[in-house]
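Values below: all heavy atoms of this structure, side chains included; hydrogens, waters and symmetry mates excluded. Letters A, B, ... are given to chains in the order of the sequence lines, protein chains preceding strands, and every chain is numbered from 1.
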Amino acid sequence: MEAIGTLLVANRGEIARRVFRTCRDLGIGTVAVFSDADAGAPHVRDAARAVRLPGAAPAQTYLRGDLIVEAAVAAGADAIHPGYGFLSENAAFARAVRDAGLTWVGPPPEAIEAMGSKVAAKKLMADAGVPVLPELDPDAVTEDDLPILVKAAAGGGGRGMRVVGTLAGLPDAVAGAAREAQSAFGDPTVFCEPLLGAARHIEVQVLADRHGTVWALGERECSIQRRHQKIVEEAPSAAVGPELRARLCAAAVEAARAIGYVGAGTVEFLLAPDGRFFFLEVNTRLQVEHPVTECVHGVDLVRLQIEVAEGARLAPRPPEPRGHAIEVRLYAEDPTQDWRPSSGALHTFEVPGVDARFAVPASYGLRLDSGVESGGEVGIHYDPMLAKVIAWAPTRAAAARRLAAALRDARVHGLTTNRELLVRILTEPCFLAGETDTAYLDRHPPFNRGTGQVPACAGATADLTAPLADGDAVRLSALAAALADADANRKAATVLGGLPSGWRNVPSQPQRKSYQGADGEIEVAYRFTRDGLVAEGHSGVACLAAGPVVTLEADGVRRDFAVRRVGDAVYVDSDLGPVALRALPRFTDPSVRIAPGSLVAPMPGTVVRVEVERGAAVTAGQALVVLEAMKMEHRIAAPSAGVVTELNVSAGQQVEAGAVLAVITEENHQ
Amino acid sequence: MSALTSTLDPHDPEYRRRRESMLAKLAELDAEHAKALAGGGDKYVERHRRRGKLLARERIELLVDPDAPFLELSPLAAWGSDFPVGASVVTGIGVVEGVECMIVANDPTVRGGSSNPWTVKKSFRASDIALENRLPVINLVESGGADLPTQKEIFIPGGRMFRDLTRLSAAGIPTIALVFGNSTAGGAYIPGMCDHVVMVKERAKVFLGGPPLVKMATGEESDDEELGGAEMHARTSGLADYMAVDEADALRLGRQIVARLNHRRLGPAPGPVTEPRYDAEELAGIVPEDLKVPFDPREVIARIVDGSQFDEFKPLYGTSLVTGWARLHGYPIGILANAQGVLFSAEAQKAAQFIQLANQADTPLLFLHNTTGYMVGKEYEQGGIIKHGALMINAVANSRVPHISIMMGASYGAGNYGMCGRAYDPRFLFTWPSAKSAVMGPQQLAGVLSIVARAAAEARAAAEARGQAYDEDADRAMREMVEAQIEAESLPFFLSGRLYDDGVIDPRDTRTVLGLCLSVIHNAPVRGADGFGVFRM
């Protein structure tokens, strides 16, 4: 037994916090590393000690194995846990950790290496008798092979992955995937394999000790993905019965044994509708979605990882599963804008009814693993995942209902998130019927635009990205926002603050406030009379309380609206759904009015390419500027035909959100 | 401190009757206010809007801080005159960037916003309030100048308008003009005399003489823009400090100017505020319709002062006048309130002492009127009612702490003076719809005239040695006519129309109005008198 005294987590965000939680439970000291961008991050505060990694980009910080080993030595750590992503599947780093005399909480470097190349891994597994999909040579792909998937040989997380539907698209897809793979994993190698239409993504959690015991902790289904990134994960899978589970687990154990695996790992399979399954890859690390397995099996996988690293023996058999767990990944991204990541201040992050954080609830309940807190910042350098929310319940339906409610009632302010999409999925008939596969989103509106697919079950939701708050809810929320603003104005008043709000001895007109909603401007006109609130277009709505929480009674139904204002942003949460508004100023300084036709940067980023010149005539939709932010490229296109009358940026330039990049003047306006 | 206990019973049928009577009067008040709000009527309002312009009150609403209160002053000015109710100008106190300001806005829908004699009086009243209470003045200018047919009432006294502006400035009180349209001839001196001037591009027109007048005077050809456009004044003459691109921009600039005034309130800050223990709604059911029936003013005080806390001074002496100390929206005040209508010697002496105490303590005074005047009769005259009344009037007239008067019911005779009527320059004077004010009650006045006429007739008959009977029918007709005339002339709308108050208010708003006025008052220092006139003993 080489007992670990102090452990450094070579990672950030929720996974670092999650590992620290287990360390605290075990009495192990904790060391965080942090980039400059993360200096104030929760994971740094969670650790007893923290070491700075100068810089912000991953390549300067969390990918610098040498600095991290130095940090561990300097901070007196005797072990390193890599989390997931970053250096977690970097065999050289694992070796460096061991060479420095530290305990590596992960699989042997050899196993990482064996699985590091997906191409080599498939071959190894095929040799071990695990079913695999054939590999296609990009140069030899024919029409019959389509559609195919181009994948980066290294890495995962959906990066460097492309679906190819036409031969003509293949070269671009290969080049694009290779570029992304190079940028993300430092290795441009890509390969192709057939794309199984309605396959499910099924994976088996394995855990092996150094003494020959290999556990298979059942399967997880992670079929619902966007851009090959999982967003809903659950255990067990609705599509896996006892017999299939036994075969999957056997194959997973086989795979682990084939590479002499030690520690926690995941063997990923594609499950075809006919019940055949194919090996995809082994992830030689803890998975993002490990909490669902922890809940169902009642284990602490990080604790087991640490114990295995310390040389402990696993029990001969894993604990029996109980109930059903579903995890969703709450991302700061906009599903309606091609999943564009959102960065900036996260003013509020509150999930109600959480039973456990980074741990399995004592009984069934809600688990939250979050890397962020209210008042935090989501930067442009790292993955925009805010948190994982996990519901564990006796049945799948119960878990889905609990999770949907938690997400619906969560208060998330400042960033656009996929929260409402997740709620829509969790309450959607196909999902509830267990009809999930990797093309789930491609079949559901609005993501089926262009795919020609339709939902397989009756009563499917018309638009998975539709806001939970409908038009009436938005109008009522805007009224609540106005009343909360009025209350705040009165409280902040330096004179006459104690007088009734908006009092007039000769009333001539209501108070007016305007807000920008997602679907346009909303004007609220209201007045407090001796008989209470009178608001235009809201007859029968009474205001029972106005403050940070506004209580309105509409049609005899009383409802609370929690209003948070940050600058000109106003967030209204109620059971009608979250509504984000922007308070419009009463006046605009003429010198700061933006010229019509101005194209502004949607988020902070770097200008990668400028595709036009000043004075050029452009057509509607023509790309003008390409911006890179959060590892993704964003095209800024002309909204209408016209002439580029202003061009304010050049390649390589850093721009802030809202910066005017170019101005297009429509032809007839010249 | 002692809290008042109300004995008002909202279930009492008398209460309900009083309330119904008050609500009926309030409905009439709303109807009169509606006339002021209608401005020049639909046709001119429409035309104004079509020109892309905001109405006077819309300009004000955009100028003042969102959700802050606004007290419109003299809304019934010109009531009962030949001119429209409101007198083609809106004046009031609003909060701009946290500063209480006097806002004076021409209503261009009423005869082009031209000034009539009542406009001038209303504007003067606004200037007085601004000067006494050190309120920055914001003029929202769009006026066609003087109403020429009534120029004789305007031209000579009207010069005060410009004098007041520069005197305010000299007193360190900022003056601002936001020019939205015409401001020509004499009107050009409004921006001319202001500390800060904003003009709206392509709208403001500020010149002494327009193109026809210039052509007549010198033969020069010119246009409006050259003579007085915002561009010209902003770039060439320098009369405009800022040029606004539109009306909203002018209001934005006006707010920006106020934000930079570095305004300081010179009076003490208010203390914490507690709401009264009794419902203000019940103020509508206190004053009897027949003012001959007295009411207890403590029922009013209990509904307007902080926590209904009222420490009564000399409660056992001169009980027809209630005096005492309280706080209102955190400001300390002394209150004088008539309880039984008549003021006797004891009440007058009590008032004189109380007013002196308030001056010693720099405490503002609130007068709640319901008086029929000083007592008459042999006993009282011989007891020195005149000299005692004089004590009270001396104390009120020379008191230097701010006064506010509320006309709740009657305010007759010298009682009006002793209780700080309009002539005694209270900082503010507001009227409830139930109030009446005159030299005496209409019936009494008619009766007195009748007695005097009868005595004269009898003397004449005796002198001419005729036994002719007094014409009783003629006397009755005379009394009825006089009574009706005096009644009409003692009513709130009539008096408010003549600027004898600052507005008729809903009794239920009294606490709010007083709170606002007290806050306004405290922009200036609050100090009592150093000396009084000789108190005759």
Worksheet item: Measuring heavy-atom distances to chain B, does Arg504(A) have an atom under 4.5 Å in its side chain, in its backbone, in both, or in neither?
Response: both
Worksheet item: Between atom OG of Ser508(A) and atom CG of Leu55(B), what is the distance when rounded to the nearest 0.5 Å?
Response: 9.0 Å
Fill in: Region of Ser501(A) in contact with chain B, defined by heavy-atom distances below 4.5 Å
both
Worksheet item: In terms of heavy-atom pairs under 4.5 Å with chain A, which of Val245(B), Asp509(B), Leu518(B) leads?
Response: Asp509(B)
Worksheet entry | Under 4.5 Å from a heavy atom of chain A, the part of Val520(B) involved | neither
Discussion item. Checking an interface table here. Which of residues 70-77 of chain B come within a heavy-atom distance under 4.5 Å of chain A?
Written reply: Phe70(B), Leu71(B), Glu72(B), Pro75(B)
Worksheet item: Is any side-chain heavy atom of Phe587(A) closer than 4.5 Å to a side-chain heavy atom of Asp249(B)?
Response: no
Worksheet item: Is there a side-chain contact between Trp503(A) and Asp67(B), using heavy atoms and a 4.5 Å cut-off?
Response: no
Item to complete: With the side chain counted from C-beta on, respond yes when Arg252(B) and Pro590(A) share a heavy-atom pair under 4.5 Å apart, and no when they do not.
Response: yes
Worksheet, complete the sentence: Looking only at Ala68(B), Gly515(B), Gly98(B), the option with the highest number of non-hydrogen pairs under 4.5 Å against chain A is Ala68(B)
Item to complete: Identify which part of Asp246(B) has an atom lying under 4.5 Å from any heavy atom of chain A, answering side chain, backbone, both or neither.
Response: side chain
Worksheet item: In terms of heavy-atom pairs under 4.5 Å, which option from Glu58(B), Arg255(B), Arg508(B), Gln256(B) contacts chain A the most?
Response: Arg508(B)
Worksheet entry | Portion of Ala486(A) that has a non-hydrogen atom of chain B nearer than 4.5 angstrom | both
Item to complete: Counting only heavy atoms closer than 4.5 Å, note whether Ile60(B) contacts chain A via side chain, backbone, both or neither.
Response: neither
Fill in: Atom pair CG/CG of Asp65(B) and Asn489(A) - distance to nearest 0.5 Å
8.0 Å
Worksheet, complete the sentence: Nearest heavy-atom approach of Val495(A) to Ser519(B) is CB-OG, 4.4 Å
Worksheet, complete the sentence: Rounded to the nearest 0.5 Å, the CG atom of Asp531(A) sits from the CD atom of Glu281(B) at a distance of 7.5 Å
Practice prompt. Determine whether more than 12 heavy atoms belonging to other residues, nucleotides or ligands lie under 6.0 Å from atom CD of Glu202(B).
Written response: no
Item to complete: Against chain B, label Arg530(A) side chain, backbone, both or neither, depending on which of its atoms sit under 4.5 Å from a heavy atom there.
Response: side chain
Item to complete: Using non-hydrogen atoms and a 4.5 Å limit, figure out which bit of Asp589(A) sits close to chain B: side chain, backbone, both or neither.
Response: both
Fill in: Heavy-atom pair count under 4.5 Å with chain A, highest-scoring of Ala36(B), Gly503(B), Pro66(B)
Pro66(B)
Worksheet item: Does Gln511(A) offer a backbone N or O that forms a donor-acceptor pair with the side chain of Glu61(B) under 3.5 Å?
Response: no
Fill in: Per-residue contact mode, Phe528(A) against chain B (heavy atom under 4.5 angstrom)
neither
Discussion item. Has Arg57(B) got a side-chain atom pairing as donor or acceptor with Gln509(A)'s backbone, closer than 3.5 angstrom?
Written reply: no
Worksheet item: Heavy-atom distance under 4.5 Å between the side chains of Leu499(A) and His329(B), does that happen here?
Response: yes
Discussion item. Is it the case that over 12 heavy atoms from other parts of the model lie below 6.0 angstrom from the CZ atom of Arg586(A)?
Written reply: yes
